[in-house]
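Report on one structure; see the data block that follows.
The structure presented is a predicted model; accordingly, all values stated were derived computationally and were not measured. Worth knowing before you read on, the calculation uses all heavy atoms, side chains too, and leaves out hydrogens, waters and symmetry mates. In what follows, chains carry the letters A, B, and so on, assigned in the order in which the sequence lines appear, proteins first and then strands, with residues in each chain numbered from 1.
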Amino acid sequence: MLERLYNLILFFKEYAVLTAFLVLSFILMAMNDNAQVKQMRTIATVGLGVLQHQLSFIPRYFRLSEENEILRRMNLQMADEVSRLREAKLQNLRLRESMGLNEVASSPVLAANVVSKNLTMLRNTLTLDIGTAAGVVETMPVVSPEGLVGIVVAASENYAIVNILLNTEFRASAKNQRSRIDGIVSSNGKDVFLKNVAISQDVQVGDPIITSNYSNMFPEGIRIGVVQSVDISPGSMVKRIKLTPGVDFVSLEEVFVVLRTPDPERHSLESRQRP
Amino acid sequence: MRRHLRSAAIVLVLVVIQATFIPLLGINGVIPDVLILWVVYNGIRRGQVEGVTGGFIVGLLQDLVTTQFFGLAALSKSIAGFLAGYFFNENKTALTLGTYRYLLIVGACSMANNLVYYVIFLLGAEPSGGLTAITLSLSTATYTVAVGSLLMFAFSRMRFA
């Protein structure tokens, strides 16, 4: 090995000697302390920096596998964070819209999350994540920025069950906001109807329907939906008015419980008068 | 051994001449470099290894005398000696030294020596250092070639072993 090296040096002896003397000259020059040496040091530092930068990919190549693993994990974390941030943004938008609702409702409202849905023709209920501990009791109306959702029918300490608009047991006094005619909103489990509207009364497709001031259960003026179709069955004295609910129950996630119960005196009097 | 002693003596004399008498021959601040004449001669006669070694030693002595930038002349003359040794040919020494070829080699090696010297010497010294270095290198090389022509005539009458 050494012999080979020696032979190699011997073969290039002229260059070896030149290199040795050049190195020696530079060493002697470096011993000076003048502006030229400082300038040369600066040039050497900059040149070395550029060379290092150009060749930095070499050690990086050997760490590619490790780097990929780190990047994959970071990507996953960021994707999760983006998803959560998107969700927070949407929730923010929904809550901002809901803040407008506070100005309309005359009673205080309590925000709640829908933790469970039962959207079948037989049940059509929601479960909320607030209950009696937060002040929620039966008969309290439930609304959303899009309109009337339903009514609380049962409440435990931390949860409440709501009969929604599509529930067959749900009833609400309603009014055509345009023509001011009154009716009763109810559902067959699938569609929502405005009932008890005489055929002579003015109802048109697209008319907004709101809760009326006749209701003891719901505050006045809460949007229920819009008239989707108006039919008259032969021999019938009333119109068959189908509504499109304002609320999309499939995508519903946040609601507000209106902290309002029916006037007890009126409720008691009306109950006694019912057959 | 005798050869080396003779060379050492010549070099010492030339260094003294360069430092004391040559500046008197200056034209507009430009002086010839008689040391390079010996370096080139040594390189042509003895080859690259001896040319580099001779150039380094001459340059070192010149640095000791001038005390300006120690090591710089050693660097530039090493390069010049190496270049001169490139033209080494045992059979054509007389032909190279005694003809215009010697002047061409002196011009090239002097130019290389001066460029290296002045470029480094003028580093950061002035904004137009590059141009000054080239100007000085050219003028010094020209003057050195002119003085070298006298040596060429002397060589043409000599025999080289």
Legend entry - Near-ring test A:Phe21/B:Phe82, centroid separation under 6.0 angstrom: no
Legend entry - Closest heavy-atom pair and its distance - B:Leu61, B:Leu12: CD1-CD2, 4.5 Å
Legend entry - Atom CD of A:Glu3: over 12 foreign heavy atoms under 6.0 Å: no
Inset, instruction - Flag yes if more than 12 heavy atoms outside B:Arg3 fall under 6.0 Å of its CZ atom; otherwise flag no. - result: yes
Inset, instruction - Kindly state each residue pair satisfying side-chain hydrogen bond (donor to acceptor under 3.5 Å, both in side chains) with at least one member in residues 9-28 of chain B, sequence neighbours excluded. - result: none
Inset, instruction - Say whether A:Asn118 and A:Thr125, considering side chains only, have a donor N or O and an acceptor N or O under 3.5 Å apart. - result: no
Between [X] and [Y] (side chain of the first, backbone of the second, donor and acceptor by atom type, cut-off under 3.5 Å), is there such a pair?
| X | Y | result |
| --- | --- | --- |
| B:Asp33 | B:Ser110 | no |
| A:Asp207 | A:Arg178 | no |
| B:Asp63 | B:Ala73 | yes |

Table please: side-chain donor-acceptor pairs of residues 100-109 of chain B below 3.5 Å, with sequence neighbours left out.
residue	atom	partner	partner atom	Å
B:Tyr102	OH	B:Leu37	O	3.1

Inset, instruction - Using non-hydrogen atoms and a 4.5 Å limit, figure out which bit of B:Ser76 sits close to chain A: side chain, backbone, both or neither. - result: neither
Legend entry - Per-residue contacts, residues 6-18 of chain A versus chain B, heavy atoms under 4.5 Å: A:Lys13, A:Glu14, A:Tyr15, A:Val17, A:Leu18
Legend entry - Residues in residues 244-254 of chain A near chain B [non-hydrogen atoms, under 4.5 Å]: none
